[in-house]
Amino acid sequence: MNVAAKYRMASLYVGDLHSDVTEDLLFKKFSRVGPVLSIRICRDLVTRRSLGYAYVNFLQLADAQKALDTMNFDVVKGKAIRLMWSQRDAYLRKSGIGNVFIKNLDKSIDNKSLYECFSAFGKILSSKVMSDDRGSKGYAFVHFQSQSAADRAIEEMNGKFLKDCKVFVGRFKSRKDREAELRNKASEFTNVYIKNFGDDMDDERLREVFSTYGRILSVKVMTNSCGKSRGFGFVSFDSHEAARKAVEEMNGKEVNGQPIFVGRAQKKVERQAELKQMFEQLKKERIRGCQGAKLYIKNLDENIDDEKLRKEFSSFGSISRVKVMQEEGQSKGFGLICFSSSEDAARAMTVMNGRILGSKPLNIALAQGY
DNA sequence: TATGAGCGG
């Protein structure tokens, strides 16, 4: 074996580095276990910023092993470093073979105790307890060198108590796989959400309305503190087929003289995420709609509201948005108007700037910066 | 409740 090949075998990958960690600092640290041939922190070619990982090349293989055994997860500049053998072939890292996901992990279990616990099943390439400034986030990853070791760990550990928590241990799934899985699950829903049936409704009547579609496991009309219907509720069927049919046939049908909404019941977080996304989409569209055609109106008379402002400017062209800024119901004296075309906006500004509206002359400026 | 990041000279 030539010298270069021998050195290569004594190379460690050091990940999860704080960006302020220097070669010098790492050299001092790793020299404690044995002679270090070289250290390289990988950096952005242009900015020279640390990419958060480095190589430590020992002269002796045994020293590299010793560093791996004793220094993994040591905290440097406030962050736990993660040591692995340098492995240039990306296959094992990318394939996900042998990668295990752990959740419901007791908060007191740290990197070292996790590593210790799981190394009983085989050689570990990399492991990590996910954490933030408040400590463990209660889930972790252990990447074994072989799938058989991973399978043994899952078999042995899943459902076992570690400290005070019954852990889940299973195969790691990429974000993409996991999202696909969740979508699949959602598409086979059995729980149905119903709204807009008003306050004249109870569990029994709702059950009656939906019982024609299949066997019902539970019905719930949501009520306020006085026991009065809040106008929405849930019906859980024993089969997806029944739930699907209920949605298909009942959505938009009249109950209590008004059309009801019937759809797949979402979890609260799911619904919130959807609303947030819709809101952001709307915002994007609004910004796009205003591009190049947005006027800032200042020195507005306090009696001018959205509608009055729109009326005053409507003759110049199609307006996509009007907003008088308010605070506690009071006009703040300025606002904005978005025209569909920038020519209309420019014309409106030319004609209306300085025009007296109410008690004051308007001060109009073309919005900058989009 | 939770499904990462990652390989040079």
Side-chain angles (χ1 to χ4, degrees), chain A residues 2-19 21 23 26-27 30 36-45 48-59 64 68 72-73 79-107 109 111 114-115 118 124-132 134-145 150 153-154 157-158 162 165-186 266-273:
Chain A
N2 64 34
V3 176
K6 193 173 154 195
Y7 287 159
R8 197 142 55 229
M9 290 184 63
S11 289
L12 294 183
Y13 168 92
V14 189
D16 298 349
L17 285 180
H18 188 283
S19 59
V21 173
E23 279 84 353
L26 290 182
F27 188 84
F30 286 102
V36 170
L37 177 68
S38 62
I39 301 254
R40 160 175 292 263
I41 292 175
C42 294
R43 296 177 184 282
D44 183 279
L45 279 173
R48 304 308 296 159
R49 255 184 80 84
S50 166
L51 295 173
Y53 66 93
Y55 298 92
V56 181
N57 303 304
F58 287 94
L59 278 164
L68 197 52
N72 202 7
F73 310 120
K79 269 186 88 177
I81 62 171
R82 186 164 51 92
L83 297 180
M84 301 168 67
W85 288 107
S86 168
Q87 171 66 60
R88 308 185 89 126
D89 181 357
Y91 177 68
L92 277 184
R93 293 196 298 272
K94 296 271 161 66
S95 70
I97 291 168
N99 203 1
V100 167
F101 170 68
I102 299 149
K103 68 180 172 184
N104 206 31
L105 193 61
D106 190 287
K107 296 283 206 287
I109 293 172
N111 277 309
L114 182 84
Y115 186 97
F118 279 83
I124 291 172
L125 296 177
S126 159
S127 77
K128 184 170 179 172
V129 174
M130 299 309 280
S131 63
D132 55 24
R134 298 196 311 277
S136 166
K137 294 210 263 188
Y139 68 102
F141 305 91
V142 177
H143 198 157
F144 289 96
Q145 194 169 47
I154 291 167
M157 294 302 295
N158 186 33
L162 279 182
C165 296
K166 191 176 170 183
V167 288
F168 167 91
V169 182
R171 281 192 181 206
F172 168 78
K173 292 166 190 161
S174 71
R175 164 157 287 165
K176 212 175 87 217
D177 288 356
R178 187 161 156 70
E179 276 168 3
E181 194 177 87
L182 288 175
R183 266 197 307 278
N184 268 334
K185 226 190 215 164
Q266 292 172 296
K267 285 187 176 172
K268 196 170 180 178
V269 283
E270 200 184 350
R271 177 64 182 157
Q272 280 168 341

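Naming: A, B, ... by sequence-line order, numbering from 1 per chain.
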A/F141 has its side chain closest, among B/dG4, B/dG6, B/dG8, to B/dG4
Within the modelled atom types, does a donor on one side and an acceptor on the other bring the side chain of A/R88 and the base of B/dG9 under 3.5 Å apart? yes
Testing B/dG4, B/dA2, B/dG9 for proximity to the side chain of A/K128, the answer is B/dG4
Ranking B/dG9, B/dA2, B/dG4 by distance to the side chain of A/K103, first place goes to B/dA2
A/F101 has its side chain closest, among B/dG8, B/dG6, B/dA2, to B/dA2
inquiry  = Tell me whether the side-chain N/O atoms of A/R178 come closer than 4.0 Å to OP1 or OP2 in B/dA2.
reply    = yes
Out of B/dG6, B/dT1, B/dG8, minimum distance to the side chain of A/S11 belongs to B/dG8
| query | Would A/K103 count as a cation-pi partner of A/Y139, with NZ or CZ less than 6.0 Å from the six-membered ring centre and within 45° of the ring normal? | reply | no
Here the distance between atom P of B/dG4 and atom OH of A/Y53, to the nearest Å, is 20 Å
A/H18 NE2 to B/dA5 P, in whole Å, measures 18 Å
Tightest non-hydrogen contact, residues A/I154 and A/R171, listed as CD1-N, 3.6 Å
Distance-only donor-acceptor test (3.5 Å): side chain A/R175, base B/dG4 | no
| Between A/K173 and B/dT3, is there a side-chain N or O to OP1/OP2 distance below 4.0 Å? | no
Between CD1 of A/I39 and P of B/dC7 the distance, given in whole Å, is 18 Å
Taking B/dG9, B/dT1, B/dG6 as options, the one with an atom nearest any side-chain atom of A/H143 is B/dG6
Separation of B/dG6 atom C1' from A/L83 atom CG, nearest Å, is 13 Å
Closest of B/dT3, B/dA5, B/dC7 to the A/Y139 side chain is B/dT3
Atom CG of A/D89 and atom C1' of B/dC7 are separated, to the nearest Å, by 10 Å
Treating A/N57 as the side-chain partner and A/S11 as the backbone partner, does any N or O pair qualify as donor plus acceptor under 3.5 Å?
no
Tested for side-chain hydrogen bond (donor to acceptor under 3.5 Å, both in side chains) against A/S126, the lone hit among A/H143, A/R82, A/Q87 is A/R82
Comparing A/F168 with A/L51, nearest DNA chain B nucleotide closer to 5' gives the residue A/F168
To the nearest angstrom, the CD-C1' distance between A/Q145 and B/dG6 comes to 16 Å
Under the criterion of centre distance below 5.5 Å and interplanar angle below 30°, is A/F172 classified as stacked on the base of B/dG4? no
Test item: A/N104 side-chain N/O and A/K166 main-chain N/O as donor-acceptor pair under 3.5 Å
yes
